[in-house]
Amino acid sequence: MPELPEVETVRRGLAPTMEGARLTRLELRRENLRFPFTPGMADALAGRQIESLSRRAKYLLIHFEGGLTAIAHLGMSGSFRIEAGGEPATPGEFHHARSKDEKHDHVVFHLARANEPARVIYNDPRRFGFLLLEETARLADNPYLASLGPEPTGNSLSAEVLATAFADKKAPLKAALLDQTVIAGLGNIYVCEALHRSGLSPKRAAGTLVDRKGRPKPQLGLLAECVRDVIAEAIVAGGSSLRDHIQTDGSLGYFQHTFRVYDREGEACPNPGCGRPVERIVQSGRSTFFCAACQK
DNA sequence: AAGGGAGCCTGGCGGC
DNA sequence: TGCCGCCAGGCTCCCT
């Protein structure tokens, strides 16, 4: 999926259309995605105005008037797109216009706005995503949000925070950084990229970056900085948009062109004076790309 | 009890 | 051209 930068890009793309609009109808075209939609969700949200869109880790939060929030997760292959216009004039109209990929249009937000109506459509071929409803006041206790670690943006991610999480950890750095309770929002791509930038091996035990007193070693500070940098740069670039994920406006993000190691097995390490072929290994079932010369 | 692996799904790609 | 196996951005659960 969409990792944090992609979800943030989606949020920014949807906000102008959704914020302030009224949801005239929430159309659920099947009973479930990864799991069933919250029972009664469509009825509960119909007619409500959308106050704002926010994001926590990889979750998109759609805040409605009256204290309800829809929590959307894009799984591996979820994407949103915006279409102008309201409900089709005849029931068959959608079916007529349907192309191959539209069979994976699972949710449609029908929106009434001051100028013109619009539809926001959630498409997800693999259906690893989900959509559920929560009371806004209870968001912090929602099981999906409650245990998340700090965002890798702003100042909340520090070497000290990582030191606490990494102390005595024997798990490899790759796994530790993918753990959403340590840092919220990192995925396979940005973990690989951050580790390459910081010169740390994905195989290294996380605990080796913490000293005996539980203080962060200098390399841990560098790692925190690299994580923040790579995420910030990716957000500026509009996400990576690999394969089936596109931005809400249909254009591709640019960050994928700046990957240093991700999906570059066999290519030369871009570090000045290195050039060693990037290696691909498998860690806990996922591909890891790294340079064995630069990352120790 | 932390860490590794399977499973959830569909589609695209390379190899034969 | 067709079929087959492998791979994919995430997350939870189960097993050791």
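Throughout, protein chains are lettered first and strands after them, A, B, ... in sequence-line order, and every chain is numbered starting at 1. Every heavy atom of this structure was used, including side-chain atoms; hydrogens, water molecules and symmetry mates were not. What you see is a predicted model; the values in this text were computed from it and never measured.
Between A:R34 and A:D124 no salt bridge is recorded (no basic side-chain N to carboxylate O distance below 4.0 Å). The pair A:R48-A:E51 does not meet the salt-bridge criterion, since no charged nitrogen lies less than 4.0 angstrom from a carboxylate oxygen. A:E225 has no carboxylate O lying under 4.0 Å from a charged side-chain N of A:R228, or vice versa, which leaves the two without a salt bridge. Look at A:E193 and A:R197 and you find no salt bridge, because none of the NZ, NE, NH1 or NH2 atoms lies under 4.0 Å from a carboxylate O. Taking the charged nitrogens against the carboxylate oxygens, A:K58 and A:E6 have no contact shorter than 4.0 Å, which rules out a salt bridge. Salt-bridge check for A:R119 with A:E27: failed, with every basic side-chain N at 4.0 Å or more from each acidic carboxylate O.
The side chain of A:H73 places no N or O atom within less than 4.0 Å of a non-bridging phosphate oxygen (OP1 or OP2) of C:dG10. Look at A:K58 and you'll find a side-chain N or O under 4.0 angstrom from OP1 or OP2 of C:dC11. In this structure, A:K170 does not reach the B:dA1 phosphate: none of its side-chain N or O atoms is under 4.0 Å from OP1 or OP2. At least one side-chain nitrogen or oxygen of A:H104 sits closer than 4.0 Å to the OP1 or OP2 atom of B:dG11.
Atom-to-atom, CG of A:L132 to P of C:dC11 comes out at 13 Å; the value is rounded to the nearest Å. The CG atom of A:D124 sits 11 Å away from the P atom of B:dG11 (whole-angstrom rounding). Rounded to whole angstrom, the span from the CG atom of A:D263 across to the C1' atom of C:dC6 amounts to 14 Å. At whole-Å resolution of the value, CZ in A:R286 and C1' in B:dG7 are 14 Å apart. A straight line from CD1 of A:I71 to P of C:dC11 spans 13 Å, rounded to a whole angstrom. Atom pair A:D168:CG and B:dG3:P shows a separation of 10 Å (rounding to whole Å applied). A:K203 has its NZ atom 13 Å from the P atom of B:dG4, to the nearest Å. Distance CE (A:M76) to C1' (C:dC11): 10 Å, rounded to an integer number of Å.
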- Item | Test side chain to side chain contact (heavy atoms under 4.5 Å, CB included) applied to A:E83 and A:I121, step by step | CA-CA 8 Å; A:E83 290 184 357; A:I121 299 163; 3.5 Å; yes

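Checking each of A:K174, A:K203, A:E279, A:R280 against A:T288 for a side chain to side chain donor-acceptor pair (under 3.5 Å) leaves exactly one that passes, namely A:K174.
A distance cut-off of 5.5 Å between ring centres, combined with a plane angle under 30°, places A:F128 in a stacking arrangement with the base of B:dC8.
Separation of the P atoms belonging to C:dC11 and B:dG11 is 22 Å when rounded to the nearest angstrom.
Nucleotide B:dC9 is matched to nothing when pairs are restricted to Watson-Crick or G-U wobble geometry with both distances under 3.5 angstrom.
Scanning residues 172-188 of chain A for heavy-atom distances under 4.0 Å to DNA chain C yields A:Q180, A:G187, A:N188.
A:Y144 and A:F130 have tilted rings, their planes meeting at an angle from 30° to 60° on a 0 to 90° scale.
Set against C:dC7, C:dG10, B:dT10, the side chain of A:S287 has C:dC7 as its closest nucleotide. Of the candidates C:dA8, B:dG3, B:dG11, the closest approach to any side-chain atom of A:R126 belongs to C:dA8.
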Scan nucleotides 12-14 of chain C against the protein and return all N/O pairs shorter than 3.5 Å with their distances rounded to 0.1 Å.
none

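Using modelled atom types, one finds no donor on one side chain facing an acceptor on the other under 3.5 Å when comparing A:K296 with A:S201.
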